[in-house]
Number of protein chains: 2
Amino acid sequence: MKSSIKEVAHLAGVSVATVSYVLNGTKKVRPETEKRVMDAVQKLNYQINPLARNFRKGESKLIGFVVCDLSNYFFQDVAHGLETQLAKHGYRLILIDSKEEKSIEMENVRNLLASSVDGLVIAPTTEDCSYLKFMLANHPIPVAFVDRKPIGFESDMVLSTNEDGAYEAVKHLIAKGHREIAFVGSRLDSTMAERAEGYRKALREAGIPVNANYIRFGDSLSVSQRDHRHGAVYKHTLDLLTKHDITALFSGNTLATVGAFTCLMELNIKIPQDIAFITFDDSFWFTMTTPALTAISQYPDQIGDVAGKMICERLVDFRNGVDRPHQLQRIATQMIIRGSC
Amino acid sequence: MKSSIKEVAHLAGVSVATVSYVLNGTKKVRPETEKRVMDAVQKLNYQINPLARNFRKGESKLIGFVVCDLSNYFFQDVAHGLETQLAKHGYRLILIDSKEEKSIEMENVRNLLASSVDGLVIAPTTEDCSYLKFMLANHPIPVAFVDRKPIGFESDMVLSTNEDGAYEAVKHLIAKGHREIAFVGSRLDSTMAERAEGYRKALREAGIPVNANYIRFGDSLSVSQRDHRHGAVYKHTLDLLTKHDITALFSGNTLATVGAFTCLMELNIKIPQDIAFITFDDSFWFTMTTPALTAISQYPDQIGDVAGKMICERLVDFRNGVDRPHQLQRIATQMIIRGSC
DNA sequence: ACGCACAGGATAATCGTTTAACCTAATATA
DNA sequence: TATATTAGGTTAAACGATTATCCTGTGCGT
C-alpha cells in the first residue's frame, strides 16, 4: 500500500541514495536514471514519508500560534493572515488558545515545544514573558510576538501604530469641535498605554488640558466579549455620561466598545447628536449598528502576515547561523469614518 | 544540550529499552530502577524527541481542519471548540483555509495528508467530496464533516438541527400573526435546503400556502461577509420589500442577514413594526444592532467539540481494527428572542 | 600510455525511539 | 525436587529517510 523509498529504488534498479537525490534534486543524476526513478515513483504511487524526513532533518515544518483569546475575532483574523503567509513557505500552523490565563499560555508553549514546532508566534496574555527564557534555553527557536509587547524576553514583534491611530482619532474629534473627550479602555497594558498616549498627545497639541478623570480602564479579569456588555467599562461609561459633561467618547478597543456602546444604547443617547463616538479596532459589524461606528481600523490579517514573514526569515537565519538584532514592525491603522462622529 | 534516551540510559546504568519502558509505563520496572531513571532524566533535563517517536509510531498527533472560509466567524468558533477538545486527547490542530474554492480545498487536503495528519475535519466548500475516495485510498484516516453534508464520500458528520431550527423560527413568526413570510438564503446547498424545508413545514402546518416566490437564494459565488452587503440577497430583499406584501423575513444564515439587514436599514424600514425579522445563526453583534436581532442560535463551539470527539473515537477504533458505521450528529439550535420580532 | 579529474552512482552510518524476542534468577507450583 | 511461572531486565531489529564517503568508468591532456 504505502511504499517506501527502498521499493522505489528496487523497482528503478538504483540505490535509495539515488532516489533521494532525484527527489530532492540534491545531486546531479543522469536524465535516463532520473526518468527510471520517476517512473517507479509513479508506478508505486510513492509519496515521501514526512515523519521520517522530519525526524532525519530535525524539523517539523510546524509553527505554533499561542493566542491569548481565540474567541476574540481580532486574533482569529491574525491567525488567518499567518496561516496564509506560512503556507507560502511550506510551513503549517498549529493554533492554541490560552483563554487569557497565563498558566495555560505557559502550558501551551510547553506543549508546542514538546511537539517540536520550528517556530512560535505568541499573543501573550500578560506582558511578563520571562518564562520563555527558561523554556527555550536548551532548544532556541524563532519567536515573534503580536499585538502586545512582552517584557522579560527579547524577540521580534508586530504591533499596530497604536499611538498614531489614537492620535488621529482624537484629532478628528477635536476638529469636529469637541473638547470634553473621554477615553475608555478595557485594561491597562502596553498597547492600551500607547493608545492613551496618542489620546493625550492630541489634546496637548490642541491646547486642551488633559483631565485624568476622563481616562478610564476596566479591570484585568479574563472575560470574553460576551461578558463585557455590563462590565467595568459599562460602569465607567455610565459614570462619565451621567456625572460629567463629556461630548465625545473614544473607546480603546472592541472589548471596551461593547461595554460603552451597550451603555449608550441603554441610556438611549443619540449618537452623534448627544455624544460623538469613535473606537479603536474595527469590526465588520460596526457597519450594522445604528449609527455605523467610526473606527480606527487595524489590519490583523496583515499583522499575521508580517509575523509569518519574520518567523520564516529567522528560520533561514538560524540555519545559516546568522544573528540579526530583533525588530519591531508597526502595521499602520486607518480611520474609517462612519456615522458615529 | 539536548540529550537522547541513550545518555539517560547510560547515566542511569540501564538499557535504553528500560528507559523507554519507564517513560511510557509500558512494562513493569522495579521502583528502585525507576527512580534511577527518573533521576537521570532530571539531571540531564531530558525530554523525549517527538519527531523520533512520531516517526517510530507512525503517527503525528496532528488533526487537520480544512475550513471552507476561515474569515467566517462561525468556523473560527468551530475551530475553537475543536482545538479545545483535541487538546484533551493530546492532539493538536492544524488549520487551513480553502477560501471557498474547491481546488484550494483539494490542495489543502493533499498537503495535510503529506504532513501525515492522523485525522481530518472538513467544512467543505461544495458538496461533492468524492475526491477524498482517491486521496485516502492508500492511507485511510478518520474524517469528520462539519456544517455541510458531503456527497460522494461516506463519513461522520456534525450538523445543526437545521430543519427544526427553521421550523421553530417560522412558527414563532406565525404565532405573532404573520402569514406573508419570506425566506432568503445565501446559497442553495444541503444545509440551506434543510432550513427551507423547516420553513415550508411550519407554513404547511399552519395551513398557509407556500409561495415559491417567497423563497429566494443568492448566487454561489465565493464571497466573504464583507462583500455581501450589496450582493444577491440584498437584491432579493429589495425586490421582496418593494414588489411584494411580506410582513416578515426569515434569513437563512449570517451571510444572508448581512445583505437583508443592510437593505432594511437603507430603506429605513422599521423593525419589527414594518417588518419582523429573524435570522438563522447567531452572532454576538446581533445584540448591538437596532433593534437587536432575534436569531436561531447555533453552537459552533459545540460542533467543533463533537467533531473532535468523533475523530478521537475513530482513531482508537482504527488502532483496534474495529469498524463502526458512520454517524451523523445534530447539535440543537436555540431560538434567542430579541427585539426584531 | 599514463595519470587526473570528474560525473554518476553505490554503500552504509545515522537520526532517537519503540518493541518483539530473549535471557536470567527468583519464586511459585506440583 | 523438578518444573513452571514471573518479574525485571537486556539485545537488537526495525521505522524511512538523508548524506558523507567511497567507488568506478570515462574522457581528456600531455
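Note: hydrogens, waters and symmetry copies are ignored here, and every other heavy atom, side chains too, is used.
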What nucleotide, of [options], holds the atom closest to the side chain of [X]?
| X | options | answer |
| --- | --- | --- |
| B:Thr33 | D:dG9, D:dA17, C:dG8 | D:dG9 |
| B:Ile48 | C:dG9, D:dT18, C:dT18 | C:dT18 |
| B:Tyr21 | D:dA17, C:dT19, D:dG8 | C:dT19 |
| B:Ser4 | C:dG9, C:dG16, D:dA17 | C:dG16 |

List the residues meeting side-chain contact (heavy atoms from CB on, under 4.5 Å) with B:His89, not counting sequence neighbours, and say none if there are none.
B:Gln85, B:Tyr91, B:Cys312

Given salt bridge (charged side-chain N to carboxylate O under 4.0 Å, His left out), test A:Lys309 with A:Asp305 step by step and report yes or no.
CA-CA 6 Å; A:Lys309 259 184 211 141; A:Asp305 183 89; 3.3 Å; yes

Using atom [atom1] of [X] as one end and atom [atom2] of [N] as the other, report the distance to the nearest whole Å.
| X | N | atom1 | atom2 | result |
| --- | --- | --- | --- | --- |
| B:Lys61 | C:dT18 | NZ | C1' | 15 Å |
| A:Tyr46 | D:dG16 | OH | P | 10 Å |
| B:Lys6 | C:dA13 | NZ | P | 13 Å |
| A:Glu59 | C:dG16 | CD | C1' | 17 Å |
| B:Arg36 | D:dG9 | CZ | C1' | 11 Å |
| A:Ile5 | D:dG16 | CD1 | P | 11 Å |
| A:Arg30 | D:dG27 | CZ | P | 12 Å |
| A:Glu32 | C:dG8 | CD | P | 11 Å |

Applying the side chain to side chain contact (heavy atoms under 4.5 Å, CB included) criterion to A:Leu11, which one of A:Asp39, A:Leu44, A:Val37 satisfies it?
A:Leu44

Please work out if [X] contacts a base, only the sugar-phosphate, or nothing of the nucleic acid, heavy-atom cut-off 4.0 Å.
| X | value |
| --- | --- |
| A:Thr26 | nothing |
| B:Thr18 | base |
| A:Leu51 | nothing |
| A:Val19 | nothing |
| A:Ser20 | base |
| A:Asn24 | sugar-phosphate |

Given that A:Gln47 and B:Pro31 both sit by DNA chain D, which one's nearest nucleotide is further toward the 5' end?
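So the residue in question is B:Pro31.
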
Would you mind telling me which residue lines up with the more 5' stretch of DNA chain C, B:Asn49 or A:Lys27, judged by nearest nucleotide?
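Its nucleotide being nearer the 5' end, the pick is A:Lys27.
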
Is the base of C:dT17 stacked against the aromatic ring of B:Phe55, taking ring centres under 5.5 Å apart and planes under 30° as the test?
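Given the distance and angle limits, no, they do not stack.
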
Hey, is CE on B:Met38 packed in by over 12 heavy atoms from elsewhere, all under 6.0 Å?
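No, not enclosed.
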
Under 3.5 Å, side chain of B:Glu83 to main-chain N/O of A:Asp97, donor-acceptor pair present?
yes

Check this one for me: any side-chain N or O of B:Arg53 less than 4.0 Å away from OP1 or OP2 of C:dT18?
yes

Shorter than 3.5 Å, N or O on both sides, protein versus nucleotides 12-14 of chain D: list them out with atom names.
from, atom 1, to, atom 2, distance (Å)
D:dA14, N3, B:Arg56, NH1, 2.9

Just wondering, do B:Ile5 and B:Ser20 contact through their side chains at under 4.5 Å, heavy atoms?
yes

Check whether any side-chain heavy atom of A:Leu113 sits under 4.5 Å from a side-chain heavy atom of A:Ile141, and report yes or no.
yes

For the CD1 atom of A:Ile122 and the CD1 atom of A:Ile96, what is their distance to the nearest 0.5 Å?
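So the CD1 of A:Ile122 and the CD1 of A:Ile96 are separated by 11.0 Å.
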
